[in-house]
Structure formats: structure tokens, C-alpha cells
Amino acid sequence: MSNRLIRTGLGELLGIDYPVIQGGMAWVSTAELAAAVSEAGGIGIIGSGTAPAAWVEEQVRLTRRLTGKPFGVNVMLRSPFVEEVIELVRKERVALVTTGAGNPGRYVPDLQAAGVKVIPVVSSVALARRLARTGVDALIAEGLESGGHIGELTTMALVPQIVDAVELPVIAAGGIFDGRGLAAALALGAAGVQMGTRFMCAAECTIHPRVKEAIIKARDRDTVVTGTSTGHPVRALYNKLSKTYMEMEEKGAPAEEIENLGIGSLKAAMIDGDVEHGTVMAGQVSAMVRQIQPAGEIIREIVAEAGQIIEKLNRLVVR
Ligand code: TUI
């Protein structure tokens with residue numbers, strides 16, 4: 001397969017060859033996956049989730065042993081350890097911090113002063129505009145096709161709106177699986193893509209094999225969104241736990257009771273492999289995942305396919 005570069009400016013910003021970011025996923029994206037993605041020319045992200053700084057520090061050290069290339073850490077802003085994790089990534093001067101589930105505005109100046117690039121994940125135009133004013137380096141616009149905590153707009157509708165609203169590189173996330181997704185994202189004005197679900201089935205991803213199997217088995221309508229009634233919608237594979245969620249939401253159970261169902265459930269799925277009583281957060285593209293592949297192969301495939309599509313589209317235009 002040919003492997004030319006797709007130059008969008010994201011490569012220069014992050015010091016990488018291909019405009020592909022691996023989504024930071026709690027309990028999923030550890031040093032092994034992050035390092036493999038970075039080694040292959042994308043950028044890998046350690047998902048810190050609700051882990052304390054000591055765990056993140058260990059992961060940063062391990063990643064540095066596995067690759068000399070730039071990598072990032074995702075900070076989940078609803079973590080009880082958010083302050084100490086921010087301090088750790090600042091002290092360690094990791095190349096990139098992505099954030100999720102909140103507004104990271106107040107951390108931006110200190111991180112950038114330490115040489116850390118800051119790229120928040122947003123799911124609305126309002127937050128994109130607010131964060132653009134804080135001087136963030138780029139934005140990840142994440143549509144509701146994604147797994148995990150999601151917003152209310154699709155990638156197709158959200159990405160061009162954010163591209164028009166800010167003068168920053170925008171990375172598209174949610175529903176992106178292959179070179180078609182990358183080419184489509186570029187057509188919407190994005191400078192690159194972030195992918196989570198596909199990298200869950202990378203050979204280097206350390207999650208329980210039963211989770212990979214469940215994703216490979218999933219069909220088009222097998223993800224569901226629960227938690228909308230509590231204000232924290234989450235997309236995950238349909239299973240016994242999501243059935244319970246839906247029943248409780250249906251009968252109008254108190255928000256606290258519904259939220260309590262989720263405690264420990266992500267770890268139960270990803271680490272213990274309980275794909276029936278745990279939360280298997282995964283996106284709508286789960287249905288497209290058919291095999292376990294090395295991260296490097298995934299990246300090379302996507303970039304080559306996007307290149308071919310762009311050339312083919314070019315030939316569609318008759319002069
Ligand atoms: O963050 C994600 N996906 C996630 S985080 C996660 S772990 C979790 N644990 C407990 C509660 C919630 C999540 C699993 N999946 N994606 C990035 C993302 N961020 N999508 C949407 C947002 C978002 C939502 C609201 C970003 C900012 C925001 O702002 C609210 C505010 O404070 O203005």
C-alpha cells in the first residue's frame with residue numbers, strides 16, 4: 001500500500017506523521033497501546049479516567065520506555081484526582097493533554113507554559129468558542145456516535161459548525177473507523193481524526209479479550225445510550241447492565257440510584273471482562289470492527305485508504 005503523507009498542519013503541531021489521534025479511554029488506553037500508536041506515526045493517549053496521579057506517572061514512564069515519539073494523556077475532568085493529574089502532566093511535560101467531560105479552561109495557561117499542548121474534547125459550539133478564547137492549541141469535536149460520555153450532535157453536523165466558529169485546527173471524533181471516515185472528516189474541514197473504538201481492538205490494547213470479542217460481534221444497532229435522564233449520557237454496548245439502566249430510567253428512578261449502577265462498572269468490563277454486568281463503552285462503529293490488528297497496521301490502512309479516496313474524488317471533478 002502506498003503511504004504518502006496527508007499534510008493538514010496537525011503533523012507540525014504535534015510532531016507526528018499522520019493526522020490520527022488515539023482517543024484517551026479510561027481503563028482501556030494504557031502505555032502499551034499509546035506507545036504503539038505513537039510508534040506508528042499517529043499519537044497515542046494514555047486514558048487517566050479516575051486514576052490517581054501515581055498510576056498516571058507509572059504509565060507515562062512506561063510509555064517513555066516503549067517509544068521516543070510524542071504521546072499524550074487524557075484528563076477526565078470529573079475525576080476526583082483531576083488536580084493532581086494536571087500537576088503530574090505539567091511536571092512531566094508530556095507532549096499533549098486532551099480533556100473530556102468538562103471545561104479545562106483554568107488549566108490551559110499553566111500547561112502551555114510548561115510546553116504541553118492542550119486539545120480539549122468538545123461536543124458543542126458554545127464550549128468550542130469559550131475554549132478558543134483561552135488559547136488552546138486545537139479542539140477535538142466529538143459527535144454522539146462515540147462511545148462513552150457523549151453530547152447531543154452528530155459528527156456530521158458538529159464538525160463543520162465548530163470549524164466555522166473557531167480559528168483553530170479541529171479534529172473530528174465519533175463514528176470514524178477507516179480511510180473513508182478520515183477523508184470525510186477532512187471534507188468537513190477537520191485537520192485530522194480521533195478514533196477510540198477501533199483502537200480498542202488493536203493487538204496492543206490491554207483490555208480483557210472478552211471486550212474485544214464483544215465489539216467484534218456487535219452489529220449496527222448494538223450500542224445504546226443510557227444516563228440521559230441524569231444528564232450524563234453514555235454510549236455502550238447493549239447488555240444486561242444497560243437493560244437495567246433503561247428499565248430504571250423508564251420507571252423514573254432517582255438520578256442517584258441510576259448513577260450508582262455505574263460505579264465500578266467500566267473497570268468490571270474492561271479489566272475483569274464482565275461484558276454483561278459491566279459498562280462496555282464503545283461507539284457506533286463497533287459494528288465495523290471485524291478483527292484484532294496491530295495499531296501500526298490500522299494507521300497505515302486508514303491513511304492509505306484516505307489517500308486513494310481523495311485522489312478518486314479529485315478525478316470526479318470534470319474541468
Ligand atoms: O469524555 C469523553 N468520554 C468519556 S469520559 C468517560 S469516564 C466518565 N466517568 C464518569 C462520568 C462521566 C464520564 C467515558 N467517556 N468524551 C469527551 C467528551 N467530553 N464528550 C463530551 C464532552 C463534554 C461534555 C460537557 C465536554 C465538555 C462538557 O462541558 C460541560 C461544561 O462543564 O461546560
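Numbering of ligands and ligand atoms starts at 1, following listing order. FYI, the numbering just counts along the sequence from 1.
- Cluster partners of Leu316, by chain and number: Ile309, Leu313. The rule joins Ile, Leu, Val, Met, Phe, Trp and Tyr whenever side-chain heavy atoms lie under 4.5 Å apart.
- Here the side chains of Val20 and Phe199 are in contact, with some heavy-atom distance below 4.5 Å.
- Salt-bridge check for Glu247 with Lys243: passed, with a basic side-chain N closer than 4.0 Å to an acidic carboxylate O.
- Chaining together hydrophobic side chains whose heavy atoms lie under 4.5 Å apart places Ile150 alongside Leu144, Val225.
- Taking the salt bridge (charged side-chain N to carboxylate O under 4.0 Å, His left out) definition, one finds that Arg198 meets it with Glu301, sequence neighbours left out.
- When only modelled atom types and interatomic distance are considered, Thr223 and Gln284 share no side-chain donor-acceptor pair under 3.5 Å.
- Protein residues having at least one heavy atom under 4.0 Å from any atom of ligand 1 are Met76, Arg78, Gly100, Ala101, Gly102, Asn103, Val121, Ser123, Leu127, Glu142, Gly148, His149, Met281, listed by chain and number.
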